[in-house]
Each structure stands twice: as C-alpha cells, then as structure tokens.
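Sequence lines set the chain letters: A, B, ... in the order given, protein chains first and strands last, and positions in each chain run from 1. These numbers come from a predicted model, not from an experiment.
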Amino acid sequence: MDALGHFESSIKERLSKELTSLGFTGDFTLERPDHEMADLALPCFQFAKSLRKAPQVIAKELCASLSPDEHIGKVWEDRGYLNFRVNESLLGPLVIHEALDHRENFGRGVPRPGRILLEHTSVNPTGPIHVGRARNPLIGDTLARCLRMCGHQVITEYYVNDVGKQVVLLTWALAHLTEKDVPPADREKTDYKLVGYYQVANKLMESSTEVAAEISQMTQRFEAGDPDTIMNVRRTVDMMLDGIRESLSSINVTLDHYTFESQYILDGSARDVVERLKASDYAMVEDGADYLNLEEFGVHGRDTRFFFTRKDGTTLYTTRDLAYHLDKFRRAEQLLNILGEDQKLGQKQLASALQILGSERIPECIYYSFVSLPEGRMSTRKGLVVYLDDLLDEAVERAYNEVCTRRPDLDDDKKRQIAKDIGVSAVRYNMIRVQAEKQLIFKWEEALNFEGNSAPFVQYAHARCCSILRKIGEYNKQADLSVLSDPFERRLIWTLAQFPEVVMQAGEKRRINMLPIYGHELASALNQFYGAVQVLRSEHQDARLCLVEATRWALHNALITMGIAAPEEM
RNA sequence: GGGCGGGUGGCCUAGUCUGGAUAUGGCAGCAGCCUCCUAAGCUGCAGGUCGGGGGUUCGAAUCCCCCCCCGCCCGCCA
C-alpha cells in the first residue's frame, strides 16, 4: 500500500474502535475535503440517528477520545465534522523517499494476476484516420498504459475489418487501375493514396454492370472462404493499415496485435458459431436466414431478432465478431473493448449470444461519444472532416513557433524535438481530459491549447523541476525533511502523496480523465511552490531539492502514463 | 415511437457510482508580477436558478419520479 493509504487505514481503524465503543457498528465514510480545510474528515451526521445524539456532540466525544499519534497529526471538531490533519512530519519523508527510491516506478501497483485483452481502435481500414475516430486509440492506449501502471498484464489489439464489399472493391481497384486513373493523393501515404482508387472504382461499379458483376463474384468467392481471394484482400487492407499505423505511431499509439476478421472465415470458427447457435433454443429462421430471439435477454422491440446468417447461409459481421470474442477469451481472462456509442445495441446482442453459446464471461465495454465539428457530424463524403495527420502537423508547427519565440537560444534540432513533444502531447491531452461519454465538438483553438489545463502546462512543470536539478547536480538526499513545513511545501507533498491512488482509481474505474486532472493539479502545486519558495541557494536547499525531485518523478510518471512525452527542457 | 448516454458561470470541464462544510479547474475578460531556480508561469477581481418541476433526507449537482433539450442506436451492412 502507498504511504497515504497507511495513514488513511490506520485512522479509519482507530475511528472504528471509538465508534464501536460509542455503540455504532457498521461502515462509515471518511472523506478527503479541500486541503485548506483538512486532510481527512469524518461527517458525524451519519451516526446521529442510530446514536441518538447531535452530530456536534458525537464529533466532540470522538475528538476527546482521539489523541495525535504516529498517523494523526491533529484532530479537531468543526460543526459536526471530525477533522484530521495527518502527521506531516512522517508523511512528507515517507512519500518523498518513496518517489526518490522508485523513480520511474513511483506509483506503480503490485503485479496482478490475469491477462487483460484490450481491444481498441479497430477502425475500418477504408481511409485515413480522422479526429472523430482518434478518440478511440487515445482512450484505449491511455487505459492500457494506466492498467499496466496499476500492475495488470495488458495485451492491446486492433480487430481489422477485412471483410465486406468496401475492401473487396478496393482490392479490385488496385488490380485494375493505375496511378494515372486516379486523382493525386493529398499525402504521400498509402491510406491517402488508396482512397482515390476506391472512389474511382466505386463510380465504375455504379456505371458498369460488368464491373459490378466482377466485384459481386469476388465477394462470393471471399465469403465461400477461398484462400486466394481472402489473402489478396488482406494484402490490400494491410497497405491501408500501414498508413493508419503511421498516424497512430505519430500520436504515440502502438498496438500489440492485429487480428484480421477474415481469419474466422478461413479457420471455420464462424461456421462453428452458426452451427452452435442454430442448435440453441433461441434459434429461429425467417426466409432462410437464421436469427436468435433475445426477448428473454432484455432486448426489446424490433431489436429482439438478432440475425446471424443471411438467407444464403453466409455469415454476418456479428457472427464473426462472436467467433472473435470466443477466440479472445481463450487468450485472456478479461476482455475490454473501447467502442463508439453506436455499438451499444450490437454489444448487448453479442453478450446475449455469448451467454447462449455457454460463455461464462462477457466483454466489458467502454463507450465514447463521437467527436463532431461545429458544422456537424464528420463526414468524408461531405468534406466535413479533419484528419489526424493534419491536426498533428498543425499542432507541431504551432508548437515550433512557440519554441522559437520562447527559446531562441536552442539549436534547431532541439527546437524541433521539443515542438514535436509539445504539439503531439497537447492533442493527446485534450482528447483524454474529457470523460468518454461526453460528446465533443472539435475546435482548433481548444485542440491546440498550450496554456492552462493542457499538456504543455504539466510538461513545463516537469521541465522546471529538471532545470533546478540540472543546475545543482549532486545534493544530499538524506537531508532532514522535517523542515518542509510552509503551506506551499505541505500542499505539494499532499498532492504528491495522492499519485499512487490516482493511478489505481483511474485504472480500476476506467476513468482515465482522472490522469490529466491530477497532472494539472500537481503541476499547479509545483508552480505555486516555485513562485513562492526559493530552492537553490536557500537555507533548506537539500530538503527542497528532495521535494523537487520527488515531484519530478510523479510528473514524469503521470505524463508517461498518459502517453505524453516528459521533456527535461522546453 | 422505443432503448442507451449526455446537460454544471459567455465557452470547455471536475465532482454524480459511494448524498455532507463556502460546487473543481481551465479558456476568454479586467487589474497586477520578470536586476531572483524557465512568465508555456504566479497573484487578485469579476462571473453559478448544477436543464426544469416534484419527491426522499437532518442534508441533494449526486438518490427516486415526471418533463424538456442534445447525441447515438433500432439493416439478412460492416
């Protein structure tokens, strides 16, 4: 357990004893109020009824029976609350040494059993990734980092949609068209180039019955499981994926595995799912097409019918997704999916079908709302779209201009490196700082914010720590830390002490937006300390250096957990 | 029509699961702070019917009911 946890549980235990002797048994809440007020607080209103005493009286009685000890620094009563100040002469040294000893691992949880397979991104490989879709990899990658920091073993995976008319059409296009048939691409990247081929082929298919027939035949061969056709399409998709991977990599997202949907046609497991579902009590047939009746599973109205084959007997996307989930459960104990909010019904149906198939586990899903533009929903066809690559370029360029005006002393390579660290991070931070369910309207000025609640703000605080530490070189890490007692130092220590708990909560509750919130809070505490307290050449230099370095590690680790660079200079 | 999710100062947002003290920050605005460890910073001011209405409670942004607004879904597509 982390330092703060020891304090909290010790105080809670003592309270529990005192409450029992007053006649109260059961659970109670101990809260962390605003730090100005107290470190921990016990609202005594919750005991008033069963003890038949006024809250103020209870608080006073508890206060009288509790004296400061190893963990309690101060205890007092205030309008029905029992307030605590933790024993700061113990907490400070404990937390600071914890950070100084563990450095990159400060805040890391103990290893936990069981593998988590986290599926994220999984965008259809039909074109470059746009900012609407980018929310998925950013949430997924950040959650993966966070869970790993918590001590979990996490495998990340992209489920590649290489089945369907769109990708077949694209494959046809690559076989029958050349560069001169298509308009020039916006970028020298495969995902941009392929879009032109797709558009031209799509027009051809609409105007020519011959082309349409060829594509239809290809699709049929594909669904019949013809290995050559499937591998051919897969090669096309892989080209598209190269471009997507490049974009993901530029925002610091990489995935462990890519699983192709067509695999479940090739290996017959989608067929197995069909056979097993057909044999179930919930299976029905309409006009040759099979479906499940999910009325018993709480799926209402028209949605109760969940089709898993076409009338020609071929499998559907959802059937293959079932095979995929059964496969995933063979590879991991726990499944996590990051999905757009449009997938909710499908996942409900999928979970029901998994139960029918006898699976004891279902995936846990995290849904996010779509990112739209002020003009409306993003649409490639309407040209209402902002590509991730363009956003990143713009962010890095703006960051470069900022670096040039602020740090003319640096050489150009250094400036470019810092610009990249800052620009990319600003975009990442802004996407993950808002809870996933909230709908997001993309605005350039917000996405490129470098001040206030932003990545550069947190990075800047980290760079400030590094700058101080760089100037001093060696210092005495065994300095007496009890001298750290002014309000800014105490505030910083208190915030620092929260870090392990924040990582744990962010991971376990799947609320990664706690990370940027905390990062901002810690950076803010450091900046206030920095403005008010002299470190170098001060009376308490070494003790303060310990605090600065401890803060440096917490900031560093918070940034890395968010997938954000932690530059030592900016 | 049904289901799910969101609604918090001009704008963005935390807190809602697990009810508690003056509702968290940021942006924009106004007023200050660089002979001193990086001013991407700091200090101060101003700005709020927590969508609306009922209810439960000693106490509601938080729980329950009704309503309003916004988003998403309701294909033998993927």
Secondary structure of RNA chain B per the Watson-Crick/G-U criterion (both distances under 3.5 Å; [ ] crossing, | other strand, . unpaired) is (((((((..(((.......[....))).(((((.......))))).....(((((..]....))))))))))))....
From CG of A:D27 across to C1' of B:U18 the rounded distance in Å is 10 Å
**Message:** Within 45 degrees of the ring normal and closer than 6.0 Å to the centroid, is that where the cationic atom of A:R416 sits relative to A:Y400?
**Reply:** yes
Heavy-atom closest pair (A:G127 atom, A:V195 atom, distance to 0.1 Å) is CA-CG2, 3.8 Å
Nucleotide by nucleotide, nucleotides 66-78 of chain B touches protein heavy atoms under 4.0 Å in the pattern (B base, S sugar-phosphate only, - none) ----BBSSB-BSB
For A:N453 and A:Y429, test the side chains for any donor-to-acceptor distance below 3.5 angstrom and give the result as yes or no.
-> yes
Exercise. With respect to the phosphate group of B:U13, does any side-chain polar atom (N or O) of A:N513 fall under 4.0 Å of OP1 or OP2?
Worked result: no
So salt bridge (charged side-chain N to carboxylate O under 4.0 Å, His left out) across residues 435-449 of chain A, not counting sequence neighbours, yields none
| said: Does A:V123 reach a base, just sugar-phosphate, or nothing at all? Heavy atoms under 4.0 Å. | reply: nothing
Check your understanding: Do the ring centers of A:F47 and A:F24 come within less than 6.0 Å of each other?
Key -> yes
Distance col, row A:L170:CG vs A:L194:CG, nearest 0.5 angstrom, shows 4.5 Å
So OH of A:Y159 and CG of A:D327: to nearest 0.5 Å the spacing works out to 9.5 Å
Any protein N or O atoms within reach of nucleotides 7-10 of chain B? Criterion: under 3.5 Å, listing atom names and distances.
| from | atom 1 | to | atom 2 | distance (Å) |
| --- | --- | --- | --- | --- |
| B:G7 | OP1 | A:K438 | NZ | 3.0 |

Rounded to whole Å, the CZ-P distance (A:R537 to B:C36) equals 10 Å
Can you give the donor-acceptor pairs under 3.5 Å from side chains of residues 463-470 of chain A to other protein atoms, not counting sequence neighbours?
| from | atom 1 | to | atom 2 | distance (Å) |
| --- | --- | --- | --- | --- |
| A:R464 | NH1 | A:N527 | OD1 | 2.9 |
| A:R470 | NH1 | A:E568 | O | 3.2 |

Residues passing the salt bridge (Lys or Arg N to Asp or Glu O under 4.0 Å) test with A:R407, sequence neighbours excluded, are A:D409, A:E569
message = Would you measure the distance from the C1' atom in B:C69 across to the matching atom in B:C30 and give it in whole Å?
response = 34 Å
Heavy-atom donor-acceptor pair, A:N83 side-chain to B:A21 base, under 3.5 Å: yes
Inset, instruction - Tell me whether the guanidinium CZ or amine NZ of A:K344 lies under 6.0 angstrom from the six-membered ring centre of A:Y367 and within 45° of its axis. - result: yes
Here the distance between atom P of B:G3 and atom CD of A:Q349, to the nearest Å, is 16 Å
Within residues 45-60 of chain A, the residues having a heavy atom closer than 4.0 Å to RNA chain B are A:F45, A:Q46, A:K49
To the nearest angstrom, the CD-P distance between A:E295 and B:G2 comes to 18 Å
Any donor-acceptor N or O pair under 3.5 Å, side chains A:Y198, A:Q166: yes
Residue pairs passing the ring pair (Phe, Tyr, Trp, His ring centres under 6.0 Å) test with at least one member in residues 520-547 of chain A, sequence neighbours excluded, are A:F457-A:H520
| B:U62 and B:G7: how far apart are their P atoms, nearest whole angstrom? | 12 Å
task: For nucleotides B:G6 and B:U24, find the distance between their P atoms and express it as a whole number of Å.
output: 22 Å
Rounded to the nearest 0.5 Å, the CZ atom of A:F28 sits from the SG atom of A:C44 at a distance of 10.0 Å
A:H520 atom NE2 is separated from B:C12 atom C1', nearest whole Å, by 13 Å
Going 5' to 3' through nucleotides 28-34 of chain B and flagging B where a protein heavy-atom sits under 4.0 Å of the base, S where only the sugar-phosphate is that close, and - otherwise, we get -------
Quantified in whole Å, what is the C1' atom distance between nucleotide B:G26 and nucleotide B:A14? 11 Å
When you compare B:C74 with B:A28, how far apart are their C1' atoms, in angstrom units rounded to a whole number?
-> 41 Å
*Does a side-chain N-to-carboxylate-O contact under 4.0 Å join A:R510 and A:E364?*
yes
Whole-Å C1' distance, B:U18 and B:C12: 27 Å
Separation of B:U18 atom C1' from A:Q505 atom CD, nearest Å, is 11 Å
The reported gap from CD1 in A:I512 to OG1 in A:T142 (rounded to nearest 0.5 angstrom) is 4.5 Å
What one should report as the nearest heavy-atom pair of A:S352 and A:V299 is OG-CG2, 4.3 Å
Note: contacts of residues 402-410 of chain A with RNA chain B (heavy atom, under 4.0 Å) are A:V403, A:R406, A:R407
Notebook entry, point to check: Less than 6.0 Å separating the ring centroids of A:F308 and A:Y291?
Noted result: no
Residues 307-320 of chain A vs salt bridge (charged side-chain N to carboxylate O under 4.0 Å, His left out), sequence neighbours excluded, gives A:E223-A:R310, A:E261-A:R320
* Asked: So, are A:K12 and A:E8 salt-bridged, with charged N and O less than 4.0 Å apart?
  -> no
Within residues 463-475 of chain A, the residues having a heavy atom closer than 4.0 Å to RNA chain B are A:A463, A:R464, A:S467, A:I468, A:K471
